[in-house]
Amino acid sequence: MEPASDPNLSVPLRGAERTLQLLLFPNPVVQKKMEEAKEIVPPLWREVSEKEWSDWRWQLRHRITTFEQLKEIIDLTSEEIEGIKHSKGRLALAVTPYFASLMDPINSNCPIRRQAIPRMEEFHLSKNDMVDPCGEDKDSPVPGLVHRYPDRVLLLVTDQCAVYCRYCTRRRLVGSHERAITQGNFEEVLKYLRSHRKVRDVLLSGGDPLLLENERLEEILSRLRAIPHIELLRIGTRVPVTLPQRITGGLVRMLKKYHPLMISIHFSHPKEITDQVRRACNELADGGIPLGSQTVLLKGINDKPYIMKKLVQELLKIRVRPYYIYQCDLAMGTEHFRTSVATGIQIMEKLRGHTTGYAVPTYVVDAPGGGGKIPVEPVYVVSRGKGKIVLRNYEGKIFEYPEPNIIEFKKMRANGEEKVVQKKVMA
Ligand code: SF4
């Protein structure tokens, strides 16, 4: 068993974390209220030691799952109270104490609250909602495995997450049993992969693969790595954001053995980038693991260009390369989180050219029903004409690019005029 997380790690400065967020997004009214509120130590954790707080297993064991616990730390609105009551038996409420400590206790529009606390809006089902919005189940040859693209597969290794996001695409699966893939099921997956030699890339997802104990995760990684045609292992996770205590030296030392291994981290808002998260990402990056981010575009949370720009710039500072912005899928009860696609395009318009190219992710729509990710971009090609293309830059200025005229060149060559042209060029 891996030892508990490094006891030297400091406890997140709960009041100070909140103050930092206010520095990022100043709002004098909220700030005043926050100044008053930060003196109130949530009674729920008053007795918690630094060692316990820094231990990911303690965090996981003490997740907030009830209305009674949550009301100890924040002023719940009637929308939230009703949402929590109705969420029983569906995608349940579960929030780590760490993630809950980032919640604004007063403002119900806090992006951390909006993502983690059910609201009544979730129980409105639109005619567009789908149980399996990305059509994963129909592309599943073996339970837990999704094989859609020719050379890569998605392997769902657990249905457990540290925090359940209210907009989760896999809400049909996650949180239902909080169980890892069974050994028998995993053996079936291995058998399938060994016989499909075109598969060169396996993405571990769930639920959250980093909630598995190191030993179980290592068994999965090592047995996949032993398949000769599997070149790349990837992990999709939100744990560095919702449970950064899980990123320990022991975990990183284990992961390092299975390079090339990449990690995609689900970030939603700059408020999520705390000192704890910086430390977690640094440890992973120091382990030589390339880090990318995946962000779901969410109405009222990150659908403003200035928020997304702040997020991608902060991500680069912690060595996470912004990778995807996803249009919110058509999962059941998530219509209130969805923006128009035009909103996403407008955000991309404000990123490309306006910040470092490395900070600009690809905006994609995962085709409803299972067509895969389709990139959506602002239109930069104004027109295509004979021998030229007309382009627009990020400032709206128009430029012409002369294209090589291959047809003309071939005609000249056929007529023996090629040398004449070359001489002209040389002159
Ligand atoms: S971490 Fe991912 S899988 Fe888990 S609830 Fe959030 S979106 Fe769903």
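Note that ligands are numbered from 1 as they come in the structure, with each ligand's atoms numbered from 1 the same way.
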Report all side-chain donor-acceptor pairs from residues 353-360 shorter than 3.5 Å, counting only partners two or more places apart or in another chain.
from	atom 1	to	atom 2	distance (Å)
T355	OG1	Q313	NE2	2.9

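Of all protein atoms, those of element N, O or S that lie under 2.8 Å from atom 6 (Fe) of ligand 1 number 1.
The existence of a salt bridge linking K299 and E121 is excluded, since no basic side-chain nitrogen approaches an acidic carboxylate oxygen closer than 4.0 Å. At a threshold of 4.0 Å, the pair K127-E335 does not count as salt-bridged, since none of the basic side-chain nitrogens sits closer than that to a carboxylate oxygen.
Here R170 pairs with E136, L154, L156, C168, R172, L173, V174, S205 under the side chain to side chain contact (heavy atoms under 4.5 Å, CB included) rule; sequence neighbours left out. T66 meets the side chain to side chain donor-acceptor pair (under 3.5 Å) test with Q69; sequence neighbours excluded.
With rounding to the nearest 0.5 angstrom, the CG atom of L210 is 5.5 Å from the CD1 atom of I235.
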